[in-house]
Amino acid sequence: MSKNLDMEILASLCKRRGFIFQSSELYGGINGFWDYGPLGSELKRNIRDAWWKSVVRAREDVVGLDASIIMHPDIWKASGHADGFADPMVDCKVCRKRFRADQLCAEQGLELLKTAAGFALPDGAACPACGARDLTPPRSFNLMFKTFIGPVEDDSSSAWLRPETAQAIFAQFNNILATSRQKVPFGVAQMGKSFRNEINPRNYTFRSREFEQMELEFFIRPDEAIALICGQVTTLADEPDLAGKPQASWGWEVWHRYWVEQRLAWYRAIGLPAEDLHQHWQTGNELAHYARACVDIEYAFPFGVQELEGIAARSDFDLCQHQKRSGKPLDVFDEALKQAADKLDVAAKEAFAEKVVAEWTGRGKSAEDARAFVTKLYEGKFVPHVIEPSAGTDRLALALLCNAYDEETLTDDKGKTDQRTVMRFHPAIAPIKLGVFPLVKNKPELYAKAREIFAKLQRRWNCFWDESGAIGRRYRRMDEAGTPWGVTVDFQTLEDGTMTLRDRDSMAQVRLTLPQLIEKLDDEIG
RNA sequence: GCGGGCAUAGCUCAAUGGUAGAGCUCUAGCCUUCCAAGCUAGCUAUACGGGUUCGAUUCCCGUUGCCCGCUCCA
């Protein structure tokens, strides 16, 4: 269904019904920014609520954070964002290939010039691919939006809008640990706006410059600590029960897979079909240097299979980076670890240390670092490792819109055909849960009864009152908004209190009393 | 960032170097006992800026935005 959907058709419906508008449309629009209208804002709110409920409230081991968007610039220096993509780039105007200006110059025995405005190419620089001496001036491609704090716009007051929400979790790790009464393993969740100055926003809202993320940093013990505490580390080879309760012996590999399964189950629960959800396990070159594993959860969008969420096993990289830059310790004390370590004699400790050194050096780390790590372990201390499921709220909203969109041709009793557009949202995320209608509006008694029922239902769910036009038209309007049910109050309601509940997907109708109706909807909305 | 295409009402489309039109939607009213029914009335548009011209929505230039391909996506 979604694979054949023309994105322009969807964008048109989204505008017509008030899901998504182009930002600043009144002034001609602004590339890479989008606004959510009356229905879209409800949809997004429902997505956020469902995520928060699933990741934070339904669990005992995850707490929340709501951090500021602008943070100390050193955070982005520690995280690598400030340097990671700040390389000056040049494009060859002839063959259109792109190169890093500094590398290009070095290869040709030249030196990249620094100017007041940034960088400039020295004379003689040529395209390494085609040899043409027709290169664009070097441009810095840092994807972070820059801004200034306070009244003076100079380097000392510059700051960035966050390119991801996650770093605040690391920066506040100590405070959260001290106040949340959690201990490793536990997680910190955050959702909110992030900003990336994408070179080329594309595919409707898919790649935007301002977007919303739902991120979890789930902190776990390093495998070496688990080995000391549990005597062994459970790996995937042990075929652990990932659907069951997490176990103390789980190593990072199991935790990582556990979160992949958790997240996939959630996507299915809010209505994305399993066959449209894909997993892309990053391999060797694709993995960032600090990541041990990373899975992209992808959705089959009409414009291709694209990432909704990345779930990375990031080891202790982030906390270590911040520890280094800030000079403040970000390790935890683990009573169970200390007790386990205290039970070992000197020989056992040395044997364990040798094993860790061998493993670490095998992974390209220094024996010195390995020894320092083990020494800390024996004191019951370590820097937690982390599993990071990081999802895009707007991307998910787009996936849900694509998935919901359907057109069907109806044939009535007289053989007349008619086209129906219907957004088949899961009830949990549908912007409006229920349309409430008086069958006719010119019968005061009936009208009053319908208003009374509407008032009662409105207290529970987002309901929509509609009294205008024929009843069929009102049903169809709700279909395009993706409202799962319509309730019609008719003359029989006045006699026996029952009303018609019309189902969006099947168009089937049943008569129910108010309590029956409430029970049914409670059940299905969840 | 490069190349190509496009830009008229909320949506889909028409027309024109000289008053911009339709269907659907929407609003109000009438009617209406369950799937976009009917009647009446109404709102709403030439993306923005400049040029040519007596006059530009139409021709030209620029900008912005959207779509497609490439590129990019730490």
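Quick note on labels: first sequence line is chain A, next is B, and so on, each numbered from 1. Hydrogens, waters and symmetry mates play no part in the numbers below; they use all other heavy atoms, side chains included.
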Rounded to whole Å, please give me the gap between [atom1] in [X] and [atom2] in [N].
| X | N | atom1 | atom2 | answer |
| --- | --- | --- | --- | --- |
| A:N203 | B:rC66 | CG | C1' | 12 Å |
| A:L439 | B:rC31 | CG | C1' | 13 Å |
| A:D490 | B:rC34 | CG | P | 9 Å |
| A:M507 | B:rA36 | CE | C1' | 10 Å |
| A:I30 | B:rC48 | CD1 | C1' | 15 Å |
| A:D466 | B:rU32 | CG | P | 18 Å |
| A:M478 | B:rA36 | CE | C1' | 13 Å |
| A:R504 | B:rA36 | CZ | C1' | 18 Å |

What distance, rounded to whole Å, do you find between the two [atom1] atoms, one in [N] and one in [M]?
| N | M | atom1 | value |
| --- | --- | --- | --- |
| B:rA45 | B:rA22 | P | 14 Å |
| B:rG1 | B:rU63 | P | 11 Å |
| B:rU46 | B:rA20 | P | 11 Å |
| B:rA15 | B:rA7 | P | 12 Å |

Closest-nucleotide 5' rank along RNA chain B - winner of A:V489 and A:A470: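 Its nearest nucleotide being more 5', the pick is A:V489.
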Of A:T488 and A:P201, whose closest RNA chain B nucleotide lies nearer the 5' terminus?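 It is A:T488, whose closest nucleotide lies nearer the 5' terminus.
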Reckon [X] touches a base, only the sugar-phosphate, or nothing at all at heavy-atom distances under 4.0 Å?
| X | result |
| --- | --- |
| A:Q509 | base |
| A:D479 | nothing |
| A:E467 | nothing |
| A:R502 | base |
| A:Y204 | sugar-phosphate |
| A:Q22 | sugar-phosphate |
| A:T500 | base |
| A:R196 | base |

Counting only side-chain nitrogens and oxygens, does [X] get under 4.0 Å of the OP1 or OP2 atom of [N]?
| X | N | result |
| --- | --- | --- |
| A:N442 | B:rU32 | yes |
| A:K441 | B:rU32 | no |
| A:R477 | B:rC26 | yes |

Of the options [options], whose atoms approach the side-chain atoms of [X] most closely?
| X | options | result |
| --- | --- | --- |
| A:V440 | B:rC11, B:rG65, B:rU32 | B:rU32 |
| A:K15 | B:rC11, B:rC66, B:rA37 | B:rC11 |
| A:P163 | B:rC70, B:rA36, B:rA74 | B:rA74 |

Does [X] have its ring centroid less than 6.0 Å away from the ring centroid of [Y]?
| X | Y | result |
| --- | --- | --- |
| A:F219 | A:F173 | yes |
| A:F218 | A:W259 | yes |
| A:F301 | A:F303 | yes |
| A:W160 | A:H72 | no |

Look at the side chain of A:Q190 and the backbone N and O of A:A67, then say whether any donor-acceptor pair between them is shorter than 3.5 Å.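 Checked: pair present.
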Please determine whether any donor N or O and acceptor N or O are separated by less than 3.5 Å between the side chain of A:R17 and the base of B:rG10.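 Side chain to base: no pair below 3.5 Å.
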Check: B:rC35 base within 3.5 Å donor-acceptor of A:R473 side chain: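 It does not, because no donor-acceptor pair links the side chain of A:R473 to the base of B:rC35 below 3.5 Å.
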For the atom pair CD (A:E215) and CD (A:E309), what is the distance rounded to the nearest 0.5 Å?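 Those atoms lie 9.5 Å apart.
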Centroid distance under 5.5 Å and plane angle under 30°, A:Y475 vs B:rC34: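 No, the aromatic ring of A:Y475 does not stack with the base.
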Considering only heavy atoms from C-beta outward, does the side chain of A:K15 approach that of A:E25 to under 4.5 Å?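 They are in side-chain contact.
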